[in-house]
Protein chains: 2
Amino acid sequence: MAGEIVAGLDRLFQLLRRLTPADGISLTAASTLRRLARDGDHRLSELAVAERVTQPAMTQLVSRLARDGLVRRGAHPGDGRVVIVSVTDAGRAVLARRHDERVARLEELLERLPPADRAAIVAVLPAFDRLTTEGSE
Amino acid sequence: MAGEIVAGLDRLFQLLRRLTPADGISLTAASTLRRLARDGDHRLSELAVAERVTQPAMTQLVSRLARDGLVRRGAHPGDGRVVIVSVTDAGRAVLARRHDERVARLEELLERLPPADRAAIVAVLPAFDRLTTEGSE
DNA sequence: TATTGTTATACTCTATAACTATA
DNA sequence: TATAGTTATAGAGTATAACAATA
């Protein structure tokens with residue numbers, strides 16, 4: 001059974017690539033921005049752990065995002081070693097535009113599916129939610 | 001509704017990254033190998049179109065795969081411009097090992113889910129299949 | 001001329017190892 | 001010494017533009 005699901009996940013990855021606008025925002029960059037928008041400011045090292053990349057990789061990602069004005073680097077009051085990363089208004093705007101675009105593309109695809117398929121997809125979302133939560137332990 | 005699905009797809013991408021062994025085989029490289037193993041030899045330009053990357057990107061990917069012995073470059077009989085790419089036994093072996101590892105990891109996660117969730121995931125696969133087929137038109 | 005593929009160049013994204021600054 | 005982060009270096013992966021070889 002897991003074999004079929006793995007194959008399905010691979011096809012979903014193809015779908016994901018097609019849905020994603022070629023706007024220079026990588027999946028990890030978008031995930032980082034979403035996290036900051038959803039959960040508020042984070043230390044750089046917290047972001048690295050949450051996104052499962054190394055600290056140097058996150059240093060560079062944050063540098064690129066800051067260079068493009070999508071995040072801001074701040075100091076920690078009381079611990080001079082810590083860097084606090086915040087999303088900017090421009091970052092939120094990029095997220096919103098990207099989200100809208102992906103939703104529009106997906107809606108176009110969903111329209112062409114039988115209603116039963118759409119119902120099955122809606123029905124599975126909570127299960128996938130639990131599956132991905134399990135995976136992040 | 002599409003909004004929830006987009007969010008679900010993003011979480012699935014995180015899951016996919018966790019399932020995937022850090023064996024130096026990227027998702028695109030694996031997809032290319034799978035295509036060759038499943039559908040047989042391809043021209044380099046056919047692979048580029050199928051995997052939705054540029055021709056130079058596919059030239060480089062095939063070069064790396066050939067360097068590692070996972071594919072072979074052959075000549076086309078009758079058209080000297082064409083490069084025919086084939087998967088090697090070593091390529092098939094890498095695919096098989098990778099697949100087994102991902103299935104094992106996913107099974108571990110699935111075991112911890114309620115049976116109803118597993119049933120919902122199995123039930124949605126045909127719908128996802130049609131959704132991704134729509135997307136590749 | 002058109003097609004097939006490569007080379008040149010420039011980024012992003014990632015990793016490990018070595019380093020700096022602060023605690 | 002330990003922690004937080006950066007810099008150095010290397011390689012994968014991607015793109016566009018310019019090129020070479022074949023049809």
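All values below were derived from every heavy atom in this structure, side-chain atoms included, with hydrogens, water molecules and symmetry-related copies excluded. Numbers restart at 1 for each chain; the letters A, B, ... are given by sequence-line order, proteins then strands.
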Integer-rounded Å distance: [N] [atom2] and [X] [atom1]:
{"X": "A/Leu27", "N": "C/dC13", "atom1": "CG", "atom2": "P", "value": "10 Å"}
{"X": "B/Met58", "N": "C/dT7", "atom1": "CE", "atom2": "C1'", "value": "18 Å"}
{"X": "A/His76", "N": "C/dA23", "atom1": "NE2", "atom2": "P", "value": "11 Å"}
{"X": "B/Leu47", "N": "C/dG5", "atom1": "CG", "atom2": "C1'", "value": "13 Å"}

Under-4.0 Å side-chain N/O to phosphate OP1/OP2 contact, A/Ser45 with D/dA4:
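So the side-chain polar atoms of A/Ser45 never come under 4.0 Å of the phosphate oxygens OP1 or OP2 of D/dA4.
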Would you say A/Arg67 places a side-chain N or O within less than 4.0 Å of OP1 or OP2 belonging to C/dC11?
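Checking A/Arg67 against C/dC11: no side-chain N or O falls below 4.0 Å of OP1 or OP2.
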Along DNA chain C (nearest heavy atom to each residue), the more 5'-positioned of B/Leu44 and A/Asp68
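The residue closer to the strand's 5' end, by nearest nucleotide, is B/Leu44.
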Which residue lies more 5' along DNA chain C, comparing B/Ile84 with A/Ala29 via nearest heavy atoms:
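It is B/Ile84, whose closest nucleotide lies nearer the 5' terminus.
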For residues A/Thr28 and A/Glu51, report the shortest heavy-atom separation together with the two atoms involved.
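What the structure gives for the nearest pair is O-OE1, 4.3 Å.
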Nearest non-hydrogen partners of B/Leu106 and A/Ala2, listed with the distance:
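Closest pair (atom of B/Leu106, atom of A/Ala2, distance): CD2-O, 3.6 Å.
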Output one letter per nucleotide in nucleotides 14-23 of chain D: B when a protein non-hydrogen atom lies under 4.0 Å from the base, S when only the sugar-phosphate is that close, - when neither is.
BBBB----BS
Could you pull out all donor-acceptor pairs under 3.5 Å where a side-chain atom in residues 74-94 of chain A meets a protein atom, sequence neighbours excluded?
residue	atom	partner	partner atom	Å
A/His76	ND1	A/Asp79	N	3.3
A/Asp79	OD1	A/Arg81	N	3.1
A/Asp79	OD1	A/Arg81	NE	3.1
A/Asp79	OD2	A/Arg81	NH2	3.0
A/Ser86	OG	A/Asp41	OD1	3.3
A/Ser86	OG	A/Asp41	OD2	3.3
A/Thr88	OG1	A/Gly69	O	2.6
A/Thr88	OG1	A/Leu70	O	3.1
A/Thr88	OG1	A/Ala90	N	3.4
A/Thr88	OG1	A/Gly91	N	3.1

Taking B/Arg105 as the fixed residue, which of B/Glu101, B/Glu107, B/Glu108 is the one that meets the side-chain contact (heavy atoms from CB on, under 4.5 Å) rule?
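Answer after filtering B/Glu101, B/Glu107, B/Glu108: B/Glu101.
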Side-chain donor or acceptor of B/Arg35 paired with backbone N/O of B/Leu47 under 3.5 Å
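No; zero donor-acceptor contacts below 3.5 Å.
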Does some side-chain heavy atom of B/Met58 sit less than 4.5 Å from a side-chain heavy atom of B/Leu61?
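Yes, their side chains come closer than 4.5 Å.
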